[in-house]
4 protein chains.
Amino acid sequence: MGRPRDPALDGAILDAAQALLEEAGCSGFTMEGVASRAGTGKQTLYRRWPSRGELLIDLYYRDPMPPPPLDGPLAAALDGFLELNLQRLYHPWHQNLLRSLAVAAQEDAALKAVMLARITRPRLELGRAIFRRAEAAGEVPAGLDAEPILEGAIGAIWFRLLFTEEPVTPALKPRLLRAMLAQARGPAPGKGTG
Amino acid sequence: MGRPRDPALDGAILDAAQALLEEAGCSGFTMEGVASRAGTGKQTLYRRWPSRGELLIDLYYRDPMPPPPLDGPLAAALDGFLELNLQRLYHPWHQNLLRSLAVAAQEDAALKAVMLARITRPRLELGRAIFRRAEAAGEVPAGLDAEPILEGAIGAIWFRLLFTEEPVTPALKPRLLRAMLAQARGPAPGKGTG
Amino acid sequence: MGRPRDPALDGAILDAAQALLEEAGCSGFTMEGVASRAGTGKQTLYRRWPSRGELLIDLYYRDPMPPPPLDGPLAAALDGFLELNLQRLYHPWHQNLLRSLAVAAQEDAALKAVMLARITRPRLELGRAIFRRAEAAGEVPAGLDAEPILEGAIGAIWFRLLFTEEPVTPALKPRLLRAMLAQARGPAPGKGTG
Amino acid sequence: MGRPRDPALDGAILDAAQALLEEAGCSGFTMEGVASRAGTGKQTLYRRWPSRGELLIDLYYRDPMPPPPLDGPLAAALDGFLELNLQRLYHPWHQNLLRSLAVAAQEDAALKAVMLARITRPRLELGRAIFRRAEAAGEVPAGLDAEPILEGAIGAIWFRLLFTEEPVTPALKPRLLRAMLAQARGPAPGKGTG
DNA sequence: CCGTAAACGAGACGGTACGTCCTGTCTTCTA
DNA sequence: TAGAAGACAGGACGTACCGTCTCGTTTACGG
């Protein structure tokens, strides 16, 4: 019943949000700013997204990256995995998006859960799948603890983004890949923790 | 010249800030709240710390952790390094502190620089020193790229803290240590990047 | 367009302002106080009145006095004129209102202009009209300089209110009326300026 | 005992206060501003004057006007009386001084009393003396109510100063003098209150 | 001539109000 | 009912003064 939601608005609002994110950065990203830039009322925003954070999440999901091939050799799969995590960060506005998401998640437990469910967990799960397959293929030692490898790789990217002034560039990928593979080989026979 | 700042106030304010951080969490940590809880005027806060973030940094530096022993074997040094990064996180209020710092750094470029100079960079440098010494001692291959190892370890901790619901417990340390050592062994002869 | 301002709030805010003026007096009359007493946000105040002074002016205009009859004999008209200027002052809160207005006008040139246009000038003009009519009716000498008579009467009231501890009572009216009429009779033949 | 107050400071502070009053006007006249402009500490101000208002009063009394001759004919005495009230107002900074005094008196009952005792009452008393003498000399009717005449004259000046944009010029004097004399002649035989 | 006590500059201090900004909810009018 | 517009209560921001206080330094005076 009643007037249906204007589907074109979703895009227009997300466009406005993206532009604002690019220009005003992390702290300048306000609901009021998005509304005025999109030429909509605030209610129209809140009708679609219950909070600033959910809008950010939808912004994140807007142009989904193609998932990496899971069926190649481990190195190729991990390369895809890293590409998936890095690619968006090559554009400044997307860096601001992720930074804003990180901020929002700290201030709102509900959003943290959403972000975990819709972004973090799926990504981790994908990484786990890669390692499960590699284990089955005998590419990595049986019983390998993949968790630190994944958290280390994703964490290193976040670390760069949030706390470092060095940009996130494609040059980061091979270094991370090497690090992941080094761990994937499992405990070396020679030098140990001793 | 003029009346010197009351040194007792620094402590009282930091106490209040810490208590507020514990109770109200990341988003409830306001300058107004700290002032009222400390029983001071807001000006007294701003006189000491130009922004919320700088206060957080001083809060961070309040009880410094003892630096790890640099002269033992690599594994021991890295264990100390991880302990240094993890120990504070065992207390909930300190988790909130670091979360708040992460948030503040995103919203204020100046603070990000300060945090980089006073927290992030020193910590990284300490890690680098460990690896330099290990390299000199022949514990790790010459020319080892230590950066991803350090960023991976620190990043993994931040990742847990900021995006995960799983707590940061002492149990995390051995897993991270194993991961660091796996990378430290350098390029294994067998399976390579292909 | 948009949601219209709640007309009931205007009254509620003015009520609160009036009460505050009565209790806290001239210096205790703050925007914050009015807002909290009215149960509104400060913005709601500033949306309606750009400054404390404009609020005071609206408070002044709230219950307008009936204008004096202009068509009777001079003495009756002047009596009405004085009544118009005095009546409000019989209530303490209104005294505080006028005192506050006087203060605000000194601190804000813009408000001074508003007060001149909306209160002072109309009142003077009304007095001038009385004398113009009296002149036409032959009740006062032609070419009488009415200005000092009006300014003297109004000024004497303000003087009492602002600088004297003696209250402004109805007893003041006949004395002021006599003074105005004495001047209205024009230059006496006998004793002159010499 | 102890170090005596530096007498030169009184003058320096009053100079600074005067300059600030001229430049910053009524609302910009703060104790902090005076202190910084005079190059003194705030305590030095408060040691001499318990409040902003008392400082203003001393500023008022700095260059006392010579009192009018009381022994001439009524018109001359009243001319002197008016001159005494008007003269200071010919200089802009003194206008600001009086405006500030008026403001301060509304906000601080204690100051109002001081101002009444040291400025208002003496001035009124001087006017009353003039009329008492004139009554004794037979220049005015016996039992003349001088109060409204004095309050009207002084009030008219304050009125101009506080609420009008028209400047207080020497041209005001003869008009006020005429008004005072008109009332001084007492009840005219011809037209009455009716 | 030397101690003492107050004056002095400087500025910290608790407090109060300022005027602005943003939040998320609400209410109106116009499709 | 959606949508643009914008009012609304609430809360924090960072700033400005208030009048009091505490420093270190300076300067008279009284023993």
Side-chain angles (χ1 to χ4, degrees), chain A residues 1-9 12-13 27-36 38-52 107-108, chain B residues 1-9 27-36 38-48 50-52, chain C residues 1-9 27-36 38-48 50-52, chain D residues 1-7 9 13 27-36 38-52 107-108:
Chain A
M1 210 199 308
R3 171 175 171 182
R5 287 198 193 158
D6 183 348
L9 272 180
I13 292 172
S27 64
F29 183 78
T30 65
M31 289 301 253
E32 230 152 47
V34 173
S36 94
T40 78
K42 285 203 285 176
Q43 193 64 246
T44 302
L45 262 62
Y46 283 104
R47 202 173 285 129
R48 286 165 165 79
W49 301 277
S51 71
R52 212 173 55 125
E107 291 167 342
D108 177 1
Chain B
M1 219 192 301
R3 172 174 175 182
R5 296 196 187 151
D6 184 346
L9 272 180
S27 64
F29 183 77
T30 63
M31 290 299 252
E32 223 152 54
V34 173
S36 94
T40 76
K42 284 200 280 177
Q43 194 103 83
T44 301
L45 262 65
Y46 284 105
R47 204 174 285 129
R48 285 166 164 78
S51 69
R52 216 172 50 125
Chain C
M1 218 192 298
R3 173 173 172 182
R5 296 198 186 151
D6 183 347
L9 271 180
S27 63
F29 183 78
T30 63
M31 290 299 253
E32 223 150 52
V34 173
S36 93
T40 77
K42 284 201 280 179
Q43 194 106 87
T44 301
L45 263 63
Y46 284 105
R47 203 175 284 127
R48 288 167 163 77
S51 69
R52 215 172 52 124
Chain D
M1 213 197 303
R3 172 173 172 182
R5 288 196 192 161
D6 183 349
L9 271 181
I13 292 171
S27 64
F29 184 78
T30 65
M31 290 301 253
E32 229 151 49
V34 173
S36 94
T40 79
K42 285 202 284 177
Q43 192 66 245
T44 302
L45 262 63
Y46 283 105
R47 201 175 286 128
R48 288 165 164 79
W49 300 277
S51 71
R52 212 172 57 123
E107 291 167 343
D108 177 0

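Residue numbers start from 1 in every chain, and the chains themselves are labelled A, B, ... in the order their sequence lines are given, proteins ahead of strands.
With F:dA5, E:dG24, E:dC13 as the choices, the nucleotide that has an atom nearest any side-chain atom of A:M31 turns out to be E:dG24. Of all nucleotides listed (F:dA7, F:dC18, E:dC18), E:dC18 comes nearest to the side chain of C:R52. Of the candidate nucleotides E:dC13, E:dT28, F:dC23, E:dT28 has the atom nearest to the side chain of C:P4. Side-chain proximity of D:T30 to E:dC13, F:dC17, F:dA9: nearest is F:dC17. Ranking E:dG14, F:dC8, E:dT25 by closeness to the A:Y46 side chain, first place goes to E:dT25. Of the candidates E:dA7, E:dC18, F:dT22, the closest approach to any side-chain atom of B:R3 belongs to F:dT22. Taking the side chain of D:R47 as heavy atoms from C-beta on, and the options E:dT23, F:dG3, E:dA7, the nearest nucleotide is E:dA7.
When rounded to the nearest whole Å, the span between CG of A:D6 and P of F:dA4 equals 8 Å. Taking atom CG of A:L9 as the reference point, atom P of F:dT1 lies 18 Å away to the nearest angstrom. One interatomic measurement links the two molecules: CD of C:E32 to P of E:dG19, which rounds to 10 Å at whole-angstrom precision. Rounding to whole angstrom units, CG of residue C:L45 and P of E:dT20 are separated by 12 Å. We find that CE of B:M1 is positioned 10 Å from C1' of F:dC23, with the value rounded to whole Å. Atom CD of D:E107 and atom P of F:dG19 are 10 Å apart (whole Å). As rounded to whole Å, 10 Å separates atom P of F:dG3 from atom CH2 of A:W49.
Contact annotation: A:T40 does not reach the phosphate of F:dA5 (side-chain N/O to OP1 or OP2, under 4.0 Å). Distances shown here put every side-chain N or O of C:T44 at or beyond 4.0 Å from the OP1 or OP2 atom of F:dA7.
Contact record, A:A38 with A:A12: CB-O, 4.3 Å, taken as the closest heavy-atom pair. Taking each heavy atom of D:F29 and D:R52 in turn, the nearest pair found is O-NH1, 2.8 Å. Across C:L9 and C:R48, no two heavy atoms sit closer than the pair CB-NH2, 3.6 Å.
With hydrogens and angles ignored, a donor-acceptor pair under 3.5 angstrom links the side chain of C:Q43 to the base of E:dC22. Taking 3.5 Å as the limit, the base of F:dG6 and the side chain of A:K42 contain no donor-acceptor pair of atoms between them.
Separation of atoms CE (D:M31) and CH2 (D:W49) is listed at 8.0 Å; rounding is to 0.5 Å.
In this structure, B:G33 reaches neither bases nor backbone, as no heavy-atom distance under 4.0 Å exists between it and the strands shown.
Along DNA chain E, the nucleotide closest to D:G39 and the one closest to B:R48 are compared, and the more 5′ of them pairs with D:G39. Judged by closest nucleotide on DNA chain F, B:G2 is the one of B:G2 and D:G2 placed further toward the 5' end. Between A:G41 and D:S51, the one whose closest nucleotide on DNA chain F sits nearer the 5' end is A:G41.
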**OP:** Go through B:L45 and B:K42 one step at a time and tell me if the side-chain contact (heavy atoms from CB on, under 4.5 Å) criterion holds.
**Re:** CA-CA 5 Å; B:L45 262 65; B:K42 284 200 280 177; 5.5 Å; no
